[in-house]
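First comes the structure, then the notes that go with it.
Numbered from 1 within each chain, the chains take letters A, B, ... in sequence-line order.
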Amino acid sequence: MGDATGSDGAAASAPKKDAGEKKAGKNRYRSTLNLPSTDFAMKANLVQNEPQSLKRWDKLGLYERLRERGESQPRGRFVFHDGPPYANGSIHLGHLLNKCLKDFVVRTRQMGGWDCPYVPGWDCHGLPIEHKVMTELVESGKIEKLNGLDEDTRRLAIRRECEKYANKFQKLQTQQMRRLLTVADYEHPYLTMQHDYEGAVIETLAGMVEQGLVFRALKPVHWSIANETALAEAELEYMDREDPSVYVDFEAMDASAVYDAFGLGAELTAEDAESAEEGSGAGLEGANAQRYEGGAETKEQGSSSVNSVPSVVSPLGRPGQTPTFMIWTTTPWTLPANMAIAVHPRFVYALVRMDGNVTVVARELVDKVAKIGGAEGVEVLAETTGDRLVGLRYRHAFVESLPAFGEEVRETNTDKVWTLVSAEYVTLEDGTGLVHTATGHGADDFNTGLREGLPVYCPVREDGTYDETVSEWLRGEGVFEANPKIVKHLRESGHLFHHHDYEHSYPHDWRSKTPVIFRATEQWFIGVDREFLAPSEPEDWPPASLRERSLNAIMLDPNAEPSSASQKQEIEEYWQIRAEIHAKSLSNAGVHLTPGSSSAEIREAFKEFNDPQFQASFARIHNVEFVPEWGKNRMRGMLENRPDWCISRQRAWGLPIPAFFTEDGEVLLTAASVRAVARIFREEGSDAWFKNDAGHLLRYYDVDADPDVPPSVSSCLRGDSRGLRSKTRSDHGTLRKSGDILDVWFESGSSWNAVMRERSKSEAHPEGEDFPIELYLEGSDQHRGWFQSSLLPGLAVTGRPPYEAVLTHGFMVGRDGQKLSKSKGHTIESLFENHGADVLRWWVASLPYEGDMKVDEEFFRLAGESYRKVRNTLRFMLGNVGGGVHEGMSESANEGQDSSESVAPSLLRSIAPTSLESWVLGEFDALREKVVSAYLRYDFRAAHAALYDFCNDTLSAVYLAAIKDRLYCDASDSERRASAQQTLRALTDGLCRLLAPVLCHTADEAYRSLLGVDKGDGATCVHLLAFPEASSVERDDAWAKVMEVRDEALLALERIKESGLENPLDAGLILPDPDGRLGRFNAGDLADLCGVSLVTLDAAGDSVRVEDLRERYPRCERSWKRGPDVRERGDGGVLSDRDAQAVVGV
RNA sequence: GGGCGUGUAGCUCAGUUGGUUAGAGCGCGCCCCUGAUAAGGGCGAGGUCGCAGGUUCGAGUCCCGCCAUGCCCA
């Protein structure tokens, strides 16, 4: 190598000479040293080696071994429950994160002294799979054949394909998760399509039916007229389509109420009115009114803020004509079902004169509407905000009187029909700012209707034709055919302001390619506001709704000790609220609270308060813990606002809702009937629903013993009025089966019952040992998903939440902090190939998972580098611990099964408080405490950082550097060396255990290397061990001072480099020791710690001094240290006393 | 548009109840070692704490608004 380049000065020749010296020394004594040696390779080769570890653990039956040991775990059971991923496709980065975090939880609990079983699950039913299967059936042409079959057979055929599909991907994902080195009961996973699981879900439903929470009501869904079926979002295809765009005037019922709302003065005289009408379009001289020429670009209005105070008030007084409200729609066929008009409460609306009519339009849109309609004379008469319009009544354009609505399950308010209502989703982009609201034909409309108590009205039948409730001229007409008729009718009756054809993107049925409509259909719901008494609750308690219960359940226990300021405030508020609510009862009981009473006083007052209402409100608090804490607020917001839960879907791949209908349309769905079907599902699976008639499905149902059966259904079931033959199949067989299946969220939301209660039931624990569950851990999207879908059934059936704590993680985002694009996602396989599972796990452990996490290929590479540092530290220690297992290891540690004997106690007792060993073991104790506590509070990132820093700083930079000399140069049997080795062994053992939950391959590999087990030994495994115990070795209190002085020394050595003293081994240090504390330490230890040859202490010194030893002492050819005892020996070598003796010993 | 989050060195992140000169790792620069060597060690340079207001003796930290971005909803 070009070392001649630039080495032409006198300065360059000196180091050259030095290098020559070293070379000679190296050749002479190298073989007499104890240099590191280990079979633990520097190169991890994870891609090849991890699968071998996996095989070894499989052979060992690691999961089963852990379970066998479960009974004896000192801290009992930790109940953790896996949320089921969807059995579709390959796992991706989101799964990677989720599964690693779960594995960390399971493994840290396991090693922390708990028994932590982990049953992985898969969500198998549902539309994504069915949709995929249907697409394949369409592409292969097989669908034609299926369409010729009867519905049950058709569905069975589809279900068979879906099941195959789900099985395939469940298996694929299992392999990938195993490759991630996660430990789980993969031999016995739970699948939501397993028979027992299905039965348990239906039993959960039965529990909710029993509480009266399940009901049927109308709700609009996407509806394919061609196939007469409901469609899911995924089955829609958006295509362009031309529809009539109509602007329709609805006449106000009470003109003066409208003018009041616009703040207009008293009514005009007849004369005024006349002249006003004459002048329409021309405007009035001198009037302060804004004038618009039809279609002219008058933009002043349009550019002003929506929220500004209405500024234009017409001095005209009131026009003598009835104003109208103008709406816009592209689905005129929904007009017969118009129930209300929605306005935005904060938008400004204008009362305008437009082509002679007086109408209401959003101020921002006056221009646009006038232009579209080609209105010639436009004049704003007055303005007001939307909230002032709310409640105004109008006349329907062609419906004379309200139709007779069917019996609504929900409370409705027909007074609000044909009034203006408030809605936040109204926009100013299109239309008029007044939105035609048909509760039976739109999602927004439906929600508005729910809030306002409007009836859900849908006059459209399954085949897309109007039913008998509409105006005569529309009856039986198809909705799309009705469009022109309605337009014509509106025009003729003078309600049409404008009509043109309009091309827009419109949803179509993906199969028939025909346009879909929104149509209200009967769906099953779980009512979140229906009050009930949970099974275990005393009868004098007040009933409560799921909404109230769920909010209570996640609420903080007001008697708990607050751990943060926000908690303290929450508790404070709780007591204040209770004081208000119960003030009267308390006062009756002789307790008087003043408004200024502190929460402590209130709490005291409540102590002996026996009001059942109060007791209930307490008992329903379950203090579910959220990690991070804000998850609770998030969930609370959602629970406060969530609508009733629609649990029915019109699909094939799912669990049938076990409802039956009589010929008269009466429904049978009682707790007993549902349980009867559940029993069938347990025995035969849910396919039984499609293979059998009601007679078979209700085989276990005894109508006579069912108190809840509706009388009409009961008589139908009994077959005749004589009440005989009540249990015969043929009579049940006349019932029609429901065609709906359950929302898959209800299935996964029942897993606490179907898996955890079910699988942990025993004689000793009839209710299931694993319920309630201690922890759910999922992405933060599950606040709306699984956390809620589990919470509601849990509360309904058991009266308590299924979990005690909820831990959430965020999502992967790209480097730029933006959503990760699916296309460029790294495949899991490529990540395994390029990095190995341990590196991926190491990376996951480093993530701040509470929020969004940035991902980039480079980050995996960086994680790999950081992993390598840890690996090298382990390797160095393994290289220096000496001849494997037999040297000084206790027998118990040798067996690799004992948790507490990792550091030989005899050794520890002999360690002096001033020794390097005492320092490093003390540091290890601190690390152990830090890491274990971080693990147990799920702060894997803190554990990761602590472990990394310990390897690099405490070990690599300080301790290992300091003991190199004694390890290499001391005589093999020196006590000093043995002590260091024992310590190394303890540290390596401890480090392996602490690393094991994250680096499960590497930690095991290192541990096995430490014990020197051979490849054939499959039983030695770090994962069967516990975290290390503290060494609790005694440590001199001056160690902090020593490390402080060391820092100073390193700085001083750095500074001295400029003067040519570049190698610290050529230097000696004079350390200040005013209080004599350093004097307690061995000078050689201090020198090793600072990396120099000699240390002397100076009681009078006040700073570190460096001395150049190069002239004073020769350099030992073996240890390369300089010192007074270095001299030429008998063999001609220049050696220190220690080295001379060591050489003799060899 | 709403609810809940996030925004601190080039990068990834710590920053306890508001209190010295805002920390760490990576990367970068310079240097040492060549007996952990496709390793190891030392020193150093990097920040208007997203932007703009406010409260306070004092704000990365508390309040308000805005911008960017994520999840969920509309």
Side-chain angles (χ1 to χ4, degrees), chain A residues 15 19 22-23 25-26 29-38 40 42-43 344 346 423-427 443-444 447-448 564-565 568 628-638 640-643 779-785 788 808-820 843 846-848 850-856 858-859 861-863 865-866 868-869 871-880 941-942 944-946 948-949 952-953 955-958 960-961 964-965 967-969 1047 1049-1055 1057-1058 1061-1066 1090-1091 1118-1120:
Chain A
K22 278 168 201 162
K23 223 170 194 177
K26 180 178 172 182
Y29 289 106
R30 196 184 148 95
S31 62
T32 69
L33 296 171
N34 294 301
L35 293 178
S37 154
T38 172
F40 188 83
M42 182 180 272
K43 192 167 174 353
H344 195 291
R346 292 188 301 280
E424 300 272 342
Y425 56 80
V426 175
T427 71
D444 283 341
N447 287 324
T448 301
S564 68
K568 199 174 168 184
E629 242 182 296
W630 51 257
K632 173 153 63 178
N633 283 339
R634 181 169 184 182
M635 195 146 161
R636 189 197 297 170
M638 290 173 175
E640 276 167 358
N641 296 312
R642 72 156 296 151
S780 65
D781 55 340
Q782 301 303 335
H783 283 116
R784 174 157 294 274
Q788 262 193 70
T808 52
H809 57 78
F811 287 80
M812 298 291 178
V813 296
R815 261 200 102 126
D816 50 1
Q818 307 227 359
K819 187 195 264 184
L820 212 54
W843 172 70
S846 77
L847 295 171
E850 302 86 351
D852 306 326
M853 291 146 284
K854 294 183 182 175
V855 214
D856 193 84
E858 194 203 344
F859 299 166
R861 200 174 51 69
L862 292 173
E865 275 174 34
S866 137
R868 227 169 296 132
K869 298 268 284 190
R871 185 176 178 89
N872 264 318
T873 304
L874 284 170
R875 181 174 127 91
F876 181 79
M877 294 199 293
L878 289 168
N880 284 294
R941 188 183 157 74
H944 170 275
Y948 181 72
D949 288 348
N952 282 296
D953 204 34
L955 291 178
S956 195
V958 184
L960 299 182
K964 269 186 196 176
D965 174 75
L967 286 172
Y968 297 171
C969 305
D1047 285 342
L1050 292 179
L1051 260 176
L1053 288 166
E1054 190 65 26
R1055 303 260 149 74
K1057 277 183 183 170
E1058 281 181 16
L1061 182 54
E1062 291 183 320
N1063 186 344
L1065 278 182
D1066 289 336
C1090 299
R1118 187 163 175 270
S1119 69
W1120 303 334

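Distance from the side chain of A:Leu1051 is smallest for B:G44 among the nucleotides B:C4, B:G44, B:G35.
A sub-4.0 Å separation between OP1 or OP2 of B:G35 and a side-chain N or O of A:Tyr29 is absent. For B:A36, neither phosphate oxygen OP1 nor OP2 lies less than 4.0 angstrom from any side-chain nitrogen or oxygen of A:Asn872.
To the nearest angstrom, C1' of B:G41 lies 12 Å from CZ of A:Phe876. Counting to the nearest Å, the P atom of B:G40 and the CG atom of A:Asn1063 are 19 Å from each other. Atom CE of A:Met635 is separated from atom P of B:G5 by 15 Å (rounded to the nearest Å). Regarding A:Gln788, its CD atom lies at a distance of 15 Å from the P atom of B:C4, rounded to whole Å. Look at CH2 on A:Trp630: it is 9 Å from C1' on B:U6, rounded to the nearest Å. Taking atom CG of residue A:Leu1050 and atom P of nucleotide B:C32, one finds them 16 Å apart after rounding to whole Å. For A:Arg636 and B:G5, the CZ to P distance is 11 Å, given to the nearest whole Å. When the C1' atom of B:G42 is taken as reference, atom CG of A:Asp1047 falls 11 Å away, rounded to whole Å.
In this structure, A:Pro628 reaches neither bases nor backbone, as no heavy-atom distance under 4.0 Å exists between it and the strands shown. Residue contacts for A:Met42: at a heavy-atom cut-off of 4.0 Å it reaches the sugar-phosphate backbone alone, with no base atom in range. As judged by a 4.0 angstrom heavy-atom cut-off over every strand, A:Ala961 is placed among residues making no nucleic acid contact.
For B:A36, the base has a donor-acceptor partner in the side chain of A:Lys964 [N/O atoms by modelled type, under 3.5 angstrom]. At a cut-off of 3.5 angstrom, the base of B:A36 holds at least one donor-acceptor pair with the side chain of A:Ser956.
Closest non-hydrogen pair, A:Cys1090 versus A:Leu1053, comes out as O-CD1, 3.9 Å.
In this entry the base of B:G53 is anti relative to its sugar, with a glycosidic angle more than 90° from 0.
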Taking N or O atoms only and anything under 3.5 Å, show me the protein contacts with nucleotides 46-51 of chain B, one pair per line.
none

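To the nearest 0.5 Å, atoms NZ (A:Lys964) and OG (A:Ser1119) are separated by 14.0 Å. Atom NE2 of A:His809 and atom CG of A:Asp852 lie 12.5 Å apart (nearest 0.5 Å). Between A:Arg30 atom CZ and A:Leu35 atom CG the span is 5.5 Å, to the nearest 0.5 Å. Between the CG atom of A:Asn872 and the CG atom of A:Leu960 there is a distance of 11.5 Å, given to the nearest 0.5 Å. Rounding to the nearest 0.5 Å gives a distance of 9.5 Å between CG of A:Asp949 and NE2 of A:His944.
With a cut-off of 3.5 Å on both pairing distances, B:C33 has no Watson-Crick or G-U wobble partner at all. Pairing of B:G10, defined by two Watson-Crick or G-U wobble distances under 3.5 Å, is identified with B:C26. For B:U56, there is no paired nucleotide, since no Watson-Crick or G-U wobble pair has both relevant distances below 3.5 Å. The partner of B:U69 is B:G5, by the rule that a Watson-Crick or G-U pair needs both atom distances under 3.5 Å. Of the nucleotides present, none pairs with B:U21 by Watson-Crick or G-U wobble criteria with both distances under 3.5 Å.
Once the 5.5 Å centre distance and the 30° plane angle are applied, the aromatic ring of A:Trp1120 is found stacked with the base of B:G35.
Take the nearest nucleotide of RNA chain B for A:Asp965 and for A:Gly631: the residue whose nucleotide is more 5' is A:Gly631. Checking A:Asp953 against A:Pro1064, the closest nucleotide of RNA chain B that is more toward the 5' end is the one next to A:Pro1064.
Between the P atoms of B:G29 and B:A45, the separation comes to 16 Å (whole Å). Here, B:G41 and B:G46 have their C1' atoms 22 Å apart, quoted to the whole Å. Nucleotides B:C62 and B:C4, compared at atom P, are 16 Å apart to the nearest Å. Separating the C1' atom of B:G3 from that of B:U16 is a span of 28 Å, rounded to the nearest Å. Comparing B:G42 with B:G18, their P atoms sit 37 Å apart, to the nearest whole Å. Only the C1' atoms considered, B:G60 is 29 Å distant from B:C72, to the nearest whole Å. To the nearest whole angstrom, the two P atoms, one in B:A14 and one in B:U6, are 10 Å apart. Nucleotides B:G50 and B:A22, compared at atom P, are 15 Å apart to the nearest Å.
Although no hydrogens or angles enter the test, the distance criterion places a donor-acceptor pair under 3.5 Å between the side chain of A:Gln788 and the main chain of A:His783. With A:Asp1066 contributing its side chain and A:Glu1062 its backbone, the two residues share no donor-acceptor pair below 3.5 Å. A donor-acceptor pair under 3.5 Å is formed between the side chain of A:Thr448 and the backbone N or O of A:Asp444.
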Base contacts versus sugar-phosphate-only contacts with protein, heavy atoms under 4.0 Å: please encode nucleotides 66-74 of chain B as B, S and - from 5' to 3'.
---SSBSSS

Nucleotide by nucleotide, 5' to 3', does protein get under 4.0 Å of the base (B), only the sugar-phosphate (S), or neither (-) in nucleotides 22-28 of chain B, counting heavy atoms?
---SSS-

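Annotation: side chain of A:Pro36 is in contact with side chain of A:Tyr968 (closest heavy-atom distance under 4.5 Å). In this structure, A:Arg815 and A:Lys854 have side chains that are not in contact, with every pair of non-hydrogen atoms separated by 4.5 Å or more.
Taking the ring centre of A:Phe40 as origin, the terminal cationic atom of A:Arg871 falls inside the region bounded by 6.0 Å and 45° from the ring axis.
A:Thr32 and A:Arg1118 share a donor-acceptor pair across their side chains, judged by distance under 3.5 Å alone.
Taking a cutoff of 4.0 Å between a charged side-chain nitrogen and a carboxylate oxygen, A:Arg861 and A:Glu858 qualify as a salt bridge.
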